Engineer: 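The structure follows.
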Amino acid sequence: MGEGAGVLLLEELEHAKKRGAVIYAEFLGGSFTSDAYHVTEPRPDGAGIILCIEKALAKSGVSREDVNYINAHATSTPAGDLKVKEYQALIHCLYMTC
């Protein structure tokens with residue numbers, strides 16, 4: 001098991017432009033879900049994760065073909081990693097039909 005950290009600082013686009021910042025990416029939209037299936041485990045069918053991805057794509061106006069970065073959760077738990085529901089939901093939504 002390892003530990004790590006990362007920081008993502010978001011700045012309003014117009015503010016960044018005014019100060020002459022180099023724009024590397026733009027956050028267009030996202031989603032949060034909680035299906036209340038279990039306090040730490042996802043639903044066995046991955047429905048909550050699929051819903052989250054569907055809502056994020058819809059809110060951002062980005063087509064699945066244009067997704068070029070995914071920040072996966074990776075819980076390092078048997079429920080999160082061995083069942084790979086997040087991975088299966090990503091494949092379902094981005095490479096199959098969502």
Side-chain angles (χ1 to χ4, degrees):
M1 197 125 139
E3 296 295 329
V7 175
L8 175 64
L9 177 64
L10 299 177
E11 179 179 17
E12 194 235 0
L13 182 60
E14 292 306 314
H15 184 269
K17 287 179 179 178
K18 284 180 185 175
R19 65 179 189 82
V22 176
I23 309 299
Y24 294 101
E26 184 178 0
F27 182 82
L28 299 175
S31 179
F32 296 93
T33 63
S34 177
D35 61 19
Y37 170 77
H38 184 272
V39 70
T40 60
E41 294 184 21
R43 286 174 46 114
D45 63 3
I49 303 167
I50 290 171
L51 177 62
C52 186
I53 296 168
E54 289 173 337
K55 289 172 68 177
L57 290 171
K59 287 181 179 183
S60 68
V62 173
S63 70
R64 64 185 185 169
E65 295 83 12
D66 291 331
V67 173
N68 60 18
Y69 175 78
I70 298 168
N71 185 20
H73 186 235
T75 60
S76 293
T77 64
D81 294 346
L82 294 179
K83 294 178 184 175
V84 293
K85 292 303 169 197
E86 186 176 51
Y87 171 76
Q88 292 170 349
L90 287 166
I91 295 300
H92 174 81
C93 288
L94 299 178
Y95 299 104
M96 298 172 89
T97 57
C98 195

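This structure is a prediction, so every number in the text was calculated from the model and none was measured. We count residues from 1, following the sequence as given.
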Engineer: Nearest heavy-atom pair of Ile49 and Glu86: which atoms, and what distance?
Structural biologist: CD1-N, 3.7 Å
Engineer: His92 and Ile50: which non-hydrogen atoms are nearest, and at how many Å?
Structural biologist: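 That would be CD2-CD1, 3.7 Å.
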Engineer: Closest approach of Ala56 and Ser31, non-hydrogen atoms and distance?
Structural biologist: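 Smallest heavy-atom distance, with atoms named: N-CB, 3.6 Å.
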Engineer: Decide whether Ile91 and Ile70 are clustered together by the hydrophobic rule: side chain heavy atoms of Ile, Leu, Val, Met, Phe, Trp, Tyr closer than 4.5 Å, transitively.
Structural biologist: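 Yes: a chain of side-chain contacts under 4.5 Å links Ile91 to Ile70.
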Engineer: Do you know the tightest heavy-atom contact between Gly48 and Arg43?
Structural biologist: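 Where Gly48 meets Arg43 most closely, the heavy atoms are N-CD, 4.3 Å.
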Engineer: Quick one: do Leu51 and Phe32 end up in the same hydrophobic cluster if we chain Ile, Leu, Val, Met, Phe, Trp and Tyr together by side-chain heavy atoms under 4.5 Å apart?
Structural biologist: no
Engineer: Give the cluster check for Tyr87 versus Tyr37: same hydrophobic cluster or not, with ILVMFWY residues linked at side-chain heavy-atom distances below 4.5 Å.
Structural biologist: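 Tyr87 and Tyr37: separate clusters.
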Engineer: Starting from Phe27, can I reach Val62 by hopping between I/L/V/M/F/W/Y residues whose side chains sit under 4.5 Å apart?
Structural biologist: no
Engineer: Enter the distance from Lys17:NZ to Glu11:CD here, rounded to the nearest 0.5 Å.
Structural biologist: 12.0 Å
Engineer: Any chance you could lay out the side chain to side chain contact (heavy atoms under 4.5 Å, CB included) test for Leu57 and Val67, step after step, and finish with the verdict?
Structural biologist: CA-CA 9 Å; Leu57 290 171; Val67 173; 3.8 Å; yes
Engineer: Show the nearest heavy-atom pair for residues Cys93 and Glu54, with the distance to one decimal.
Structural biologist: SG-CG, 4.4 Å
